[in-house]
Amino acid sequence: MHLSESSWPDAAGVETDLAILPVGSTEQHGPHAPLSTDALAAEAIAAAGADAYGGEVVVAPTVPVGVAEEHRHFAGTLWVSEDTFRAYVRETVGSLAAHGWDRVVVVNGHGGNVAPLREVCARITRHDASYAVPFTWFDAVSLNPESKDGDDADSDGSTAPPVDLDEIAMGHGGPVETALVRAVAPDLIREDRLDEAAEGAADGWGEWVSGTNLAYDSAAFSENGAVGDPRAGTAELGAWLEARAAEKLATLLDAVATRERTDD
């Protein structure tokens, strides 16, 4: 059940203690992809994962702003501090728990949210009346064909990607994120800017020396904010990524729903 589409009597009638909280970001993803890319990804995968899950689960509205100051040089990017983000997530999980939905999977679409989410979910679990775990979709979906486990199957039973995975890297506004947006919101990709995005993109994230990233902001190493060539990001790849992430999320939901609470 999606809270944003339901009335309060609908919500009151739900018989589950399991919820999903999607979190994303509003930030640049190159000249071709929408500022909402990370929020769109989190929301789409949360919905697909809820559908793939065999039981009942509440899906909360998406948190659209995250920890994204590294993209501050590009117009339209919004950000909050890690403290503000953690507090917002913690209080939102607390409000879900107040209605009895106290097992929460936080579905994340933005790299800058990863560290604060791990910390705040641990704090919630240790000190509040909820059990919370973060799920970052692009970490859960392995692009390495050699690393497969029992929960990697797509919804149709196939694990075969539609492209050569050796040619695909996560990047930023690169082939992976562009593919996902093409699958879930194709009208938001500026097809006329793909060549521009590829020409001004960085080959990799950051400026690395001796295992240390010298750059704090994306403008320091990418002319237009993109990392990787988005032209390789087809809608077919995006659909495969969404289905793969949904199955991963469904498996996690089952584990969270059935896990004995030993962290009280």
Taking the side chain from [X] and the backbone from [Y], do they hold a donor-acceptor pair closer than 3.5 Å?
{"X": "T178", "Y": "G233", "result": "no"}
{"X": "D254", "Y": "T251", "result": "no"}
{"X": "T26", "Y": "P64", "result": "yes"}
{"X": "W205", "Y": "A202", "result": "no"}
{"X": "D229", "Y": "R231", "result": "yes"}
{"X": "H110", "Y": "G112", "result": "yes"}
{"X": "D217", "Y": "A219", "result": "no"}
{"X": "N213", "Y": "E207", "result": "yes"}
{"X": "S36", "Y": "L40", "result": "no"}
{"X": "E27", "Y": "H71", "result": "no"}

Distance in Å, [X] [atom1] paired with [Y] [atom2], rounded so as to fall on 0.5 Å steps:
{"X": "I20", "Y": "I45", "atom1": "CD1", "atom2": "CD1", "answer": "11.0 Å"}
{"X": "T16", "Y": "W101", "atom1": "OG1", "atom2": "CH2", "answer": "9.5 Å"}
{"X": "D102", "Y": "I124", "atom1": "CG", "atom2": "CD1", "answer": "12.0 Å"}
{"X": "R118", "Y": "N113", "atom1": "CZ", "atom2": "CG", "answer": "15.0 Å"}
{"X": "L253", "Y": "F135", "atom1": "CG", "atom2": "CZ", "answer": "8.5 Å"}
{"X": "L117", "Y": "N108", "atom1": "CG", "atom2": "CG", "answer": "5.0 Å"}

Co-membership, hydrophobic cluster, residues [X] and [Y], 4.5 Å side-chain:
{"X": "V181", "Y": "V176", "value": "no"}
{"X": "L188", "Y": "W137", "value": "no"}
{"X": "V67", "Y": "V120", "value": "yes"}
{"X": "V114", "Y": "F85", "value": "no"}
{"X": "V141", "Y": "L252", "value": "yes"}

If you define the side chain from C-beta out and look only at heavy atoms, does anything of [X] sit under 4.5 Å from [Y]?
{"X": "Y88", "Y": "V65", "answer": "no"}
{"X": "R86", "Y": "R123", "answer": "yes"}
{"X": "I189", "Y": "P34", "answer": "yes"}
{"X": "M1", "Y": "L3", "answer": "yes"}
{"X": "L241", "Y": "R244", "answer": "no"}
{"X": "R103", "Y": "L18", "answer": "yes"}
{"X": "R90", "Y": "H127", "answer": "yes"}
{"X": "F221", "Y": "V227", "answer": "yes"}

Report task. Mind jotting down which residue pairs meet the salt bridge (charged side-chain N to carboxylate O under 4.0 Å, His left out) criterion with at least one end in residues 180-190? Sequence neighbours excluded, please. Result ->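 Checked against salt bridge (charged side-chain N to carboxylate O under 4.0 Å, His left out) - neighbours excluded - the pairs reaching residues 180-190 are R182-E191, R190-D192.
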
Query raised in the report: Have E177 and T37 got a donor and an acceptor in their side chains that come within less than 3.5 Å?
Result: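 There is no such pair between these side chains.
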
Requested in this report: Could you list all the ring pair (Phe, Tyr, Trp, His ring centres under 6.0 Å) pairs where at least one residue sits in residues 11-64, not counting sequence neighbours?
Outcome: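 Checked against ring pair (Phe, Tyr, Trp, His ring centres under 6.0 Å) - neighbours excluded - the pairs reaching residues 11-64 are H29-H172.
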
Return the minimal non-hydrogen interatomic distance between [X] and [Y], and the atom names on each side.
{"X": "A47", "Y": "H2", "answer": "CB-CE1, 3.8 Å"}
{"X": "A44", "Y": "V184", "answer": "CB-CG1, 3.8 Å"}
{"X": "A50", "Y": "V59", "answer": "CB-CG2, 3.8 Å"}
{"X": "A226", "Y": "G173", "answer": "CB-O, 4.5 Å"}
{"X": "S218", "Y": "F74", "answer": "OG-CE1, 3.6 Å"}
{"X": "P22", "Y": "A46", "answer": "CG-CB, 3.8 Å"}

Requested in this report: Could you pull out all residues at least two apart from E70 that satisfy salt bridge (Lys or Arg N to Asp or Glu O under 4.0 Å)?
Outcome: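 None.
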
**Report entry** Derivation and outcome, ring-ring contact (aromatic ring centres under 6.0 Å, His included), residues H73 and W79
**Finding:** CA-CA 12 Å; H73 296 93; W79 65 89; 9.2 Å; no

Requested in this report: Could you give me the CA-CA distance, side-chain angles and deciding distance for L249 and V107, then say whether side-chain contact (heavy atoms from CB on, under 4.5 Å) is met?
Outcome: CA-CA 8 Å; L249 177 54; V107 175; 3.8 Å; yes

Query raised in the report: Counting heavy atoms not belonging to E15, are there more than 12 under 6.0 Å from its CD?
Result: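 Counting neighbours around CD of E15, 12 or fewer heavy atoms of other residues, nucleotides or ligands fall under 6.0 Å, so no.
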
Query raised in the report: Could you go step by step and tell me if C121 and V106 meet the side-chain contact (heavy atoms from CB on, under 4.5 Å) rule?
Result: CA-CA 8 Å; C121 285; V106 184; 4.0 Å; yes

